[in-house]
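Structure record follows, encoded as structure tokens.
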Amino acid sequence: MTVSEPMRINDAHCHFFSGGFFATLAQDPAAPRATDPAVDLPAALGWDAPGEPEQLADRWVAELDRHGVGRAALMASVPGDEASVAAAVARHPSRFAGLFMVNPTAPDAEERARRGFGELGLRCACLFPAMHHFALDDECVTAVFRAAADHGCAVFVHCGVLSVGVRRKLGLPSRFDVRLGDPLAVVPVASAFPGVPVIIPHFGAGFLRETLMAADLAANIHVDTSSSNGWTKYTPGLRLADVFRQALAVLGPERILFGSDSSFFPRGWQRSIHEAQSAILEEIGLDGEGRAAIFADNFDRVFGPAGTAHQFSR
Ligand SMILES: [Zn+2]
């Protein structure tokens, strides 16, 4: 990399709030009444309606261009919405890696995971044990990992505190059992599938020590740096710079993925997260190679190189 070349940015953690996402939320009996959930729910939140997945994909690309972001991981953020993200990836294969939430306890989970990784061209299945109430050593989780291994794909496992802002804002109940998101419980399944990159977001969202222990034991465990990392409030005096320093000491820069946790419009891409984290890495004195790994290169390794358009029809 020459000095004049700007730092590449790939964002490993964004949410694709499609029409299908809002339609699923609207099925909750506690949801506000909506004739057209994809319009009425965003309106209730003060957000822009997503339109068709292709339109939302175009808006994302314009937003990434505006901020100089190369690629983004877009997550289908309810089970069953993988076709929306697949449509976005098919439209802009050089810009998006598709991630999809899977509830592994659903009877069709393995079939959905295999279709997501295969036919739909998505790169990572996202598990939320606290939300869907399963243990990480359950056979249903192994089935998702096996599917990921067969397709050379990754698995994201949300650990630690979980609060879903959109649910809270809509007044939807969240009966999460955060005890199920212990990073140490990721170790057996991650070790059984050493070729599957595993991502624990937000440095373990409160379980920093356990996340670092887990990653020390299983070399395929990565962390993402996404969101404001408000969980640091649980440890007296803990600063995000300390978190980065410790993660670098245990994992090295190769297993840390920058993420912003951007989700809705008009807010768009959360530039302030990137600025804050860049400043921290500057303060820590991480070299250019390390910064390039965190902000761009690890993304390409974990999610694969930018794809080319493939045949996909919804
Ligand atoms: Zn997120």
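Throughout, residue positions are numbered sequentially from 1 according to the sequence presented. Order of appearance sets the numbers: ligands from 1, and atoms from 1 within every ligand.
Salt-bridge formation is detected for the pair Arg239/Glu283: a Lys NZ or Arg NE/NH1/NH2 atom is positioned less than 4.0 Å from an Asp or Glu carboxylate oxygen. Ionic pairing of Glu275 and Arg271 is present here: one or more N-O contacts between side-chain nitrogen and carboxylate oxygen are shorter than 4.0 angstrom.
When hydrophobic residues (I, L, V, M, F, W, Y) are linked wherever their side-chain heavy atoms come within less than 4.5 Å, the members clustered with Met213 are Leu184.
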For Asp261 and His15, run side-chain contact (heavy atoms from CB on, under 4.5 Å): C-alpha distance rounded to whole Å, both residues' side-chain angles, the deciding distance at 0.1 Å, then the answer.
-> CA-CA 7 Å; Asp261 215 357; His15 293 271; 2.9 Å; yes
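Within the 4.5 Å cutoff, side-chain heavy atoms of Phe22 are placed close to those of Pro50.
In this structure, Phe207 has its ring center no closer than 6.0 Å to that of Trp231.
The Zn ion (ligand 1) has His13 NE2, His15 NE2, Asp261 OD1 as its protein N, O or S neighbours under 2.8 Å.
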